[in-house]
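Letters A, B, ... mirror the listed sequences (proteins, then strands); counts begin at 1. Values below: every heavy atom of this structure, side chains too, minus hydrogens, waters and symmetry copies.
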Amino acid sequence: MNEELHERIREVVASVPEGTVATYGDVAALAGATTPRLVGRVLAEDGHDLPWHRILRANGTPAPHLAREQLARLRAEGVLADGQRVDLRRFRWRPS
DNA sequence: ACTCTGACCCAGT
DNA sequence: AACTGGGCCAGAG
């Protein structure tokens, strides 16, 4: 199952700073994953220790079943959402 | 070697 | 805005 890749994915997620967000696609690209699906998968299994709430879908909305919890956590660290959607232009994390 | 099912993504109706 | 359909990858049955 490629533990190596899973590890890199967790690292990337863990490196997203408080007050910013990243998309599944971003994480996948940075970690070298072939598809964003894998990111969601990894988080679903062992994302409990990670800042999973900073990971959003490409359009800035969270995964449906998590929306409430996730938006609440983001709001708590200064990331404001307009309804379900977070303004990626403003909060998206770009590694430098 | 199938078919299903997902914290996905993109483009077209 | 709501639905497609195609592509993607890995587990489970």
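- Nucleotides B:dA7 and C:dG6 have their P atoms positioned 22 Å apart, rounded to a whole Å.
- If you take OH of A:Y24 and P of B:dA7, they are 9 Å apart, rounded to a whole angstrom.
- For the pair A:W52/A:Q70, a side-chain contact is recorded, criterion being any heavy-atom separation below 4.5 Å from C-beta on.
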Side chain to side chain contact (heavy atoms under 4.5 Å, CB included) between A:I9 and A:V27, intermediate numbers included: CA-CA 7 Å; A:I9 291 177; A:V27 176; 4.1 Å; yes
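- Checking side-chain atoms of A:R8 against main-chain N and O of A:A31 turns up a donor-acceptor pair under 3.5 Å.
- Under a 3.5 Å cut-off, the side chain of A:T35 and the backbone N or O of A:L38 do not form any donor-acceptor pair.
- For A:R41, taking side-chain heavy atoms from C-beta onward, the closest of the listed nucleotides B:dC9, C:dC8, C:dG11 is C:dG11.
- Looking at which nucleotide of DNA chain C each of A:N2 and A:P36 is closest to, the 5′-most match is held by A:P36.
- Under a hydrophobic clustering in which Ile, Leu, Val, Met, Phe, Trp and Tyr are joined whenever their side-chain heavy atoms come within less than 4.5 Å, directly or via other members, A:L56 and A:V12 fall into different clusters.
- The side chain of A:T34 lies closest to C:dC9, out of B:dC8, B:dA7, C:dC9.
- At whole-Å resolution of the value, CZ in A:R10 and P in B:dA7 are 18 Å apart.
- Residue A:A58 is classed as a sugar-phosphate contact, given heavy-atom separations below 4.0 Å to backbone atoms only.
- The distance between atom CZ of A:R57 and atom P of B:dA7, rounded to the nearest whole Å, is 10 Å.
- Nucleotide C:dG11 holds its P atom 14 Å from the CZ atom of A:R37, rounded to whole Å.
- When rounded to the nearest whole Å, the span between CD of A:Q84 and P of B:dA7 equals 16 Å.
- Among the nucleotides B:dC9, C:dC8, B:dA7, the one closest to the side chain of A:T35 is C:dC8.
- In this structure, CZ of A:R54 is placed 22 Å from P of B:dA7, rounded to the nearest angstrom.
- The CG atom of A:N59 sits 13 Å away from the C1' atom of B:dA7 (whole-angstrom rounding).
- In this structure, A:R85 atom CZ and C:dA1 atom C1' are separated by 11 Å, rounded to whole Å.
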